[in-house]
Number of protein chains: 2
Amino acid sequence: MLPPWTRRYELSTQRPTLADVAAAAGVSVSTASLAFSGAGPIAAATRERVHEAAAQLGYAGPNPLGRQLRRGRSGIVGVVIGDALRRAFRDPVSTQVLDGLVGTLGPLDLGVLLIPSLSDPDSPGVDPLLESAAMDVAVVMWGGGDDDPLLETLRRRGIPTVLVEGQLLPGIGAVGIDDRSGIEQVTRHLVELGHTRIACVTLPLNRDRGEGFIGEPELAGRVWAITRRRLDGMADAGVTPVAVWQTPASLVEHGATAGRALLSGPDRPTAVVCQSDLLASGVVLAARELGLRVPQDVSVAGFDGIELPWLGTDVLTTVVQPLTEKGAAVGHLVRDLLAGAEPDHRELPVTLRVGTTTGPAPS
Amino acid sequence: MLPPWTRRYELSTQRPTLADVAAAAGVSVSTASLAFSGAGPIAAATRERVHEAAAQLGYAGPNPLGRQLRRGRSGIVGVVIGDALRRAFRDPVSTQVLDGLVGTLGPLDLGVLLIPSLSDPDSPGVDPLLESAAMDVAVVMWGGGDDDPLLETLRRRGIPTVLVEGQLLPGIGAVGIDDRSGIEQVTRHLVELGHTRIACVTLPLNRDRGEGFIGEPELAGRVWAITRRRLDGMADAGVTPVAVWQTPASLVEHGATAGRALLSGPDRPTAVVCQSDLLASGVVLAARELGLRVPQDVSVAGFDGIELPWLGTDVLTTVVQPLTEKGAAVGHLVRDLLAGAEPDHRELPVTLRVGTTTGPAPS
DNA sequence: TGGCAGGGTCGAATCGATTCGATCCACACG
DNA sequence: CGTGTGGATCGAATCGATTCGACCCTGCCA
């Protein structure tokens, strides 16, 4: 009787497995495994023979699924996008962080699995992928607060998690920036230029994502951590905005809408602090549209430090955050978590960049 | 002696497995499996008991790795980004297609794994993820020609593949649009407006990604399929461009550079056909910068039909392609391939949208 | 009352690799 | 010449589920 492994080998049709290759090379499965992984002593001639057999059979290397089960690791990092994908992807801030993350994870042989969170407030469930996809670590971008069902699901599944720009939570890694002091700096810059009537354009306050002026009651309510911190930064600089406009997302058009609303009234502010560059660039465009000169008639400041080629020669005054490094920092936390480290958190510095969109307050 | 499965259950510390749950619920592993998958007859009471035991033990559902190995399916679709991620992500064209794809795949319980192709012309190797990540199907966006090592690797691994905007190849699925006739239409539109001096701003010709004017020799050489088709569209309309400018990527700033170069010379064209909207918007910005009126002094047309909020009230004349549907079409091809269908290809229609950036040729 | 149908459960094989411990052999050293 | 050493190889257990076929028992029908 033939040895058992010849069975599948002779049947053909099926994709070859390591056992088939081993049989063809006349070695044991364990030796064949060693020939591919290189983890253990193996004679050069044997390795060669195994590789030849593999080539002969059209064997393209060990099946990742078998390897993953055995190792107990999938090599996959789930990235939960806490916003509609189409929106998140239109924002260079998200994509640059993602780019930095992918760049760091790639060399570690870790893949990035996109997990769109159906952040639909009505829908009760959680994304099926979040619920059941294989991943060794999860990264939550733009993740909600401590009550977010996302985080609860991940905790239940026992998946180590890193939060980007969320709040600090026990047992969860976090990467953020010092946005509060960043906003404080840019606000002080405007105060020093003599501005007193300063308005503010905010990121969404919460998952309702309303658009329009907001007052005390809303500001006192539940507000996403990132938005809150950037609001607090203005207070730190001793400024109470003359108006606060909420946008439903960080996009140019929402900034433009905000700009039209804020700048067309009678008591228009002399400066606008925006919580993102995309929003700020929209405000600049709206100002130009209204025939206002920037910065002579109105100063505009942003946050992020991304490229805005459509502003032409103007350079936005903004708070620059290291986006790619942020992604890399997330990657490093992920690496450490996989190595068994305790969840850590890391805060990156920001710097004020004074451009051409802010100037002395008009007299 | 206790039945074998109590072993791990009593040792604790380890994560519980289906066997632990089965033991705790007093049923066999197979029954416990049925209780979770619902594939097979099972008494409601039994299911209930199993789920209770699972809750008790903190078992969060079947381990995906075990399931995947058994099923021989990973539930993962690898998306190979044929360009630097940071660049691809800055282009709404890619991200909208990706959005449509993810939206279609999600409900099918398929996840999207991002695979950055290190398209470095010098680097000899292929991305390790491409080489060894688990995936049931691969989608190649912006994939190169038939000689691309990407495709060769996928073929060798036996992974069914769908190509987006590539060329038709045997054994490989493909989704594209009728861009050749789209460009023809928009070119004819300009001809009808009386333009004779028409310039062209192209996408990269090949992986060299040069920037600047190009002449006959380069145009006759090896050119990426998509760029070639869009060049041919102009010829179909009977137009030979007075100048052709190659850009290294579809980004606003490269369009602006092209615009400055094309529009500042003495014999400037009266119209510019751009192979993407991002490029076209850059040309419009450059024209404004140079004090030229659009469309009175120069007409500008694009391709894609994406939103360009920074153009203000201007609406770009362009060829609109259904980006989200394109992603969905890819998703459907993927679904069909997984169901065992032969690789198919699908071409989506485009439509000319006449906006405010094209007008009669100046006399 | 006997037989048959079928719902419910179970045991065991299986997916494809990795890895631990044992074995074997050649060579060097005492 | 016996023995120790270590490189190379092998066998078998293992990762955690799914699924096929067998089995049991109940209830219905003849």
Side-chain angles (χ1 to χ4, degrees), chain A residues 3-5 7-9 11 14-50 53-54 57 59-75 132-134 136 157-158, chain B residues 3-5 7-9 11 14-50 53-54 57 59-75 132-134 136 157-158:
Chain A
W5 57 66
R7 183 175 23 95
R8 301 251 334 282
Y9 178 31
L11 284 186
Q14 294 281 353
R15 226 200 271 292
T17 73
L18 194 55
D20 299 322
V21 175
V27 299
S28 75
V29 186
S30 29
T31 301
S33 175
L34 258 30
F36 282 101
S37 69
I42 191 165
T46 310
R47 175 173 39 240
E48 193 54 35
R49 197 144 38 87
V50 172
L57 293 175
Y59 178 78
N63 181 327
L65 296 180
R67 181 212 300 274
Q68 287 172 17
L69 174 60
R70 182 60 234 243
R71 291 226 226 260
R73 288 262 169 107
S74 62
S132 64
D136 299 335
R157 290 191 59 190
Chain B
W5 57 65
R7 183 173 28 90
R8 301 255 329 285
Y9 179 30
L11 284 186
Q14 294 283 352
R15 227 200 272 292
T17 73
L18 193 56
D20 299 323
V21 174
V27 300
S28 75
V29 186
S30 29
T31 302
S33 175
L34 258 31
F36 282 101
S37 70
I42 190 164
T46 311
R47 180 177 31 244
E48 194 55 35
R49 196 143 40 87
V50 171
L57 293 176
Y59 179 78
N63 181 328
L65 296 181
R67 182 212 301 274
Q68 287 173 17
L69 174 60
R70 181 62 233 243
R71 294 232 170 113
R73 288 258 169 112
S74 63
S132 65
D136 298 336
R157 291 191 58 190

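Each chain gets a letter, A, B and so on, in the order its sequence line appears, and its residues count up from 1. No experiment lies behind these values; they were computed from the predicted model shown.
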Which heavy atom in B:D20 sits nearest to a heavy atom in B:R15, and how many Å separate them? OD2-O, 4.1 Å

Could you give the CD-to-C1' distance, from B:Q68 to D:dC15, as a whole number of Å? 13 Å

Heavy atoms under 4.0 Å, any strand shown: does A:T46 hit a base, just sugar-phosphate, or nothing? sugar-phosphate

Can you measure B:R49 atom CZ to C:dG8 atom C1' for me and round it to whole angstrom units? 12 Å

Could you state the CG-P distance from A:L34 to C:dT18, rounded to the nearest angstrom? 9 Å

Is B:R70 side chain donor-acceptor paired with the C:dT14 base, going by distance under 3.5 Å alone? yes

Can you see if the side chain of A:S28 gets near the phosphate of D:dC10 - specifically, an N or O under 4.0 Å from OP1 or OP2? yes

Taking only the side-chain nitrogens and oxygens of B:S30, find out if one of them lies under 4.0 Å from OP1 or OP2 of D:dC20. no

Short question: side chain of B:R157, backbone of A:A60 - any donor-acceptor pair under 3.5 Å? no

Taking only side-chain N and O atoms of B:Y59, does any of them lie within less than 4.0 angstrom of OP1 or OP2 on D:dG16? no

Round to a whole Å and report the spacing from CZ of B:R71 to C1' of D:dC20. 15 Å

Can you tell me the distance, in whole Å, between the CG atom of B:L18 and the P atom of D:dT14? 18 Å

Looking at the side chain of B:P41, which of D:dT9, C:dT9, C:dA17 is the nearest nucleotide? C:dT9

Could you tell me the separation between the CG atom of B:N63 and the P atom of C:dC15, rounded to a whole number of Å? 19 Å

Tell me which nucleotide among D:dG16, C:dA17, C:dT9 gets nearest to the side chain of B:I42. C:dT9

Shortest non-hydrogen separation from B:G40 to B:L34 and the atoms involved: CA-CG, 4.4 Å

A side-chain contact here means heavy atoms from C-beta on lying under 4.5 Å apart; do B:N63 and B:T17 qualify? no

With sugar-phosphate meaning primed atoms plus P, OP1 and OP2, does B:L65 contact a base, only sugar-phosphate, or nothing at under 4.0 Å between heavy atoms? nothing

Is A:S33 near enough to C:dT18 that one of its side-chain N or O atoms lies under 4.0 angstrom from OP1 or OP2? yes

Nearest whole Å is fine: how far is C:dT18 C1' from A:R73 CZ? 15 Å

So what does A:P62 touch, heavy atoms closer than 4.0 Å: a base, only the sugar-phosphate, or nothing? sugar-phosphate

Measure the distance from CG on B:L69 to P on D:dG16 and round it to the nearest whole Å. 12 Å

Minimal heavy-atom distance between A:A25 and A:A53, with the atoms involved, is CB-CB, 3.8 Å

